[in-house]
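All remarks here apply to the structure that follows.
Predicted model, so just to flag it, every value in this text is computed and none were measured. In what follows, chains carry the letters A, B, and so on, assigned in the order in which the sequence lines appear, proteins first and then strands, with residues in each chain numbered from 1.
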Number of protein chains: 2
Amino acid sequence: MRTAEQTADGEGAPWGEVEPEAARRLLVAAVEAFAERGYHATTTRDIAGRAGMSPAALYIHYKTKEELLHRISRIGHDKALEILTAAADGEGTAAERLSEAVRTFVLWHAAQHTTARVVQYELDSLAPEHRTEIVELRRRSDAAVRRILGDGVRDGEFDVPDVPGTTLAVLSLCIDVARWFNAAGRRTPDEVGALYAGLVLRMVSAREPREPREPVGPGDSPDPKAQGADGPQQ
Amino acid sequence: MRTAEQTADGEGAPWGEVEPEAARRLLVAAVEAFAERGYHATTTRDIAGRAGMSPAALYIHYKTKEELLHRISRIGHDKALEILTAAADGEGTAAERLSEAVRTFVLWHAAQHTTARVVQYELDSLAPEHRTEIVELRRRSDAAVRRILGDGVRDGEFDVPDVPGTTLAVLSLCIDVARWFNAAGRRTPDEVGALYAGLVLRMVSAREPREPREPVGPGDSPDPKAQGADGPQQ
DNA sequence: GCTTGCTCTAAGCGCTTGCTCAGCTCGGGG
DNA sequence: CCCCGAGCTGAGCAAGCGCTTAGAGCAAGC
C-alpha cells in the first residue's frame, strides 16, 4: 500500500470536509479563538465576529458553543488516531514504525499547533457524554503506540522495562509540542519531527541487538487495562 | 526567623508561607478550583464557597481574581526553579545531576499535580505584566537544564546534537506529567520520577564514554538567546 | 465605656454571557 | 407577479459574572 505522504502530514486543507462554507468559516474562527484564549474565555460574539457574521448566525449552524468544540475535537482526534494507526500498521521494523509514528505525529502537532492546542488541552471543556466519546479515541491512539513498543520488545529491538509507562511518556512528549511550538520560532515542523523521532528512538532502543525473547515477561506484556483515560482527570 | 520547610520533593506544606490563615484558605481553594475547571470557568463565588466564606471576603485579601492566579503561579514557579537550580548546582557527574533534576522535577509535578496544572497551563490567563514576570522565571529554569546538558556534552558523558531543542524536550516531558497524572492511578509520584529519570538519561547518554571535547562545537554551544519564552504564545 | 481597626457578610450594581426571535433579504419555481 | 424557504441580522432576554458598599461582630487600647 502506498503511503499518502503529502496528505499524511499536518498541512493541506484540514477543514475541507466541513460544509457548508459558512459553517466551515465559523469552525475555523472557533479554532483560532479557542487556541488563543481558551474555550471558556472565548465568547460566541468573538467567534461570529472573526467569521464576519452576527452572533445569531452561529446558532443556525451549531446548536451550542460546546457543539463547536465537540466537532473540532472529534475531527482532530480522528486525524491523530489515523496518523498513529497508519504508522503502527505500516511496514518495516518496530524502530522504523516508531520513528515514523513520532515524526508524523509531532509534525501534525507543530504544523497544526493551533488546532492541536484545542484538541489536546480543551478536553475538560466538553460535555460529559462527548468527553467519554473522545477519551475512547485517545485510548485507541495509546493502544497503537503500545503495540509498536510491544513488537519492538518482542523482536529484541527495544529495551523497555515498562511498556505502558513509556507509551504514556512518548505520547505526552509529542502532544506537548502543541503547547510550546511557535510558528515564528527557529524550528520548522519538519525539524521538530526529526529531532523528536531521534530522541524517542534513543529512549527505547536496545544498546546492542539481542535475540528475540520467546516468553514475554509479565512485567513487559502490553496490558489493555493498564491505562485508562490519559486525560487530566480520572 | 525560621526558614520554610526544606523538603526537596513536592510534599510537605506547600502554602505554609501564605499569611494570614484566611488568605491561605482562599489560595488553596483557588488552586483546587482552577485545576479542576480552569481559571476562566472558575467563579469567585466558587472559590469563596470552597474556603467557607462569602464572595466579598475574597476582596479583603486579594484585589482581583487574577491576583490569586498570579500569587499561585509565582510561588509555583519559584519552587520549580528552586528544584532545577538545586539539581544543576549539585555535585556529581552531569548524568547524576540530570537524573536528579528530572526525578525531583517530575516528583513535584506528580505529587503536587493540582498546583502544577495551574502553574503550567494557566500562563495565558495572567495579565500581560505578570505573564512577562513569570516567563522570565521559566527562562531561568530552561537555562538550568541547558547547563547540565552542556556540561555533559563537554565532558563526553552525553551525545546531544541539539542542546536547546533537547532541553526543551526534557522540560516538556516533565511538565506534561501534571496534565495526565492521576492520584488514583497505578503509579506513585516516586515511581514516575524514577521512570522518567531513566528515560531521559537514555535519551541523552553517549553510547560509550569518550574523551571530553576541547573546543566546544558551535552547533552544540549553549546559546543564551537560543530560547525565547517557551509559553504557548510569543 | 467608648473608640479604633480588622475581618467578614448581605445585598446588590453594572455589565457580559449564551442564546432566542421576529423580521429582512434574495434567488428560484409557479 | 407573488410566494417560499434558507441564511442571516438587530434587538434583546434571563442568568450569571467580577466586584463594591454599608454595616455587623469582635478583640485590643486607653
Side-chain angles (χ1 to χ4, degrees), chain A residues 15-73 118 122-131, chain B residues 15-73 118 122-131:
Chain A
W15 307 111
E17 65 206 80
V18 180
E19 291 286 344
E21 192 248 350
R24 178 169 58 248
R25 258 164 51 217
L26 284 163
L27 205 84
V28 170
V31 168
E32 288 172 8
F34 291 164
E36 263 180 41
R37 309 215 224 286
Y39 174 80
H40 287 291
T42 299
T43 68
T44 54
R45 284 162 176 83
D46 183 22
I47 297 169
R50 285 175 192 247
M53 297 178 188
S54 81
L58 197 152
Y59 293 90
I60 292 159
H61 301 281
Y62 302 95
K63 265 205 310 240
T64 63
K65 173 179 150 186
E66 194 268 348
E67 190 192 331
L68 266 168
L69 177 63
H70 176 226
R71 288 270 250 274
I72 294 165
S73 194
V118 179
E122 294 288 356
L123 255 180
D124 289 343
S125 304
L126 288 168
E129 69 271 23
H130 293 155
R131 191 176 187 282
Chain B
W15 307 111
E17 65 207 77
V18 180
E19 293 286 346
E21 192 248 352
R24 179 168 57 247
R25 259 164 51 217
L26 284 164
L27 205 85
V28 170
V31 168
E32 288 172 7
F34 292 163
E36 264 179 42
R37 306 213 225 288
Y39 174 79
H40 287 291
T42 299
T43 68
T44 54
R45 287 163 175 80
D46 183 21
I47 297 169
R50 285 176 193 245
M53 297 178 190
S54 81
L58 197 154
Y59 293 90
I60 291 157
H61 301 281
Y62 303 95
K63 264 207 308 237
T64 63
K65 176 179 148 185
E66 195 267 349
E67 190 192 331
L68 266 168
L69 177 63
H70 176 226
R71 288 271 251 273
I72 294 165
S73 195
V118 179
E122 295 288 356
L123 253 180
D124 289 342
S125 304
L126 288 169
E129 68 271 24
H130 293 154
R131 192 176 185 283

In this structure, how many angstroms lie between the [atom2] atom of [N] and the [atom1] atom of [X], rounded?
X     : N      : atom1 : atom2 : result
B:Y62 : D:dT20 : OH    : P     : 16 Å
A:I60 : D:dC8  : CD1   : P     : 6 Å
B:R37 : D:dG16 : CZ    : C1'   : 14 Å

Handout entry: For B:H40, ring-ring contact (aromatic ring centres under 6.0 Å, His included) partners two or more places apart
Key =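 Counting only residues at least two positions away or on another chain, B:H40 forms no ring-ring contact (aromatic ring centres under 6.0 Å, His included).
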Handout entry: Pairing residues for B:H61 by the ring-ring contact (aromatic ring centres under 6.0 Å, His included) criterion, not counting sequence neighbours
Key = none
Practice task
With the side chain counted from C-beta on, respond yes when B:L68 and B:Y39 share a heavy-atom pair under 4.5 Å apart, and no when they do not.
Solution key: no
Which residues pass the salt bridge (charged side-chain N to carboxylate O under 4.0 Å, His left out) test with [X], sequence neighbours left out?
X      : value
A:E129 : none
B:E67  : B:R71
A:R50  : A:E32, A:E36, A:D46

Exercise for the section: Applying side chain to side chain contact (heavy atoms under 4.5 Å, CB included), name anything that partners B:T44, two or more places apart in sequence or on another chain. Expected result: B:L58, B:Y59, B:K65
Problem - With sequence neighbours excluded, residues passing side chain to side chain contact (heavy atoms under 4.5 Å, CB included) with B:A48 - result: none
Practice task
Represent DNA chain C in dot-bracket notation, 5' to 3'. Only Watson-Crick or G-U wobble pairs with both distances under 3.5 Å count; pseudoknot-style crossings use [ ] and interstrand partners use |.
Solution key: ||||||||||||||||||||||||||||||
Problem - N/O (side chain, B:H61) to phosphate O (OP1/OP2, C:dC6) under 4.0 Å - result: no
Practice task
Scan nucleotides 14-21 of chain C nucleotide by nucleotide, 5' to 3', and note B when protein non-hydrogen atoms come under 4.0 Å of the base, S if they reach only the sugar-phosphate, - if neither.
Solution key: ---BBBBB
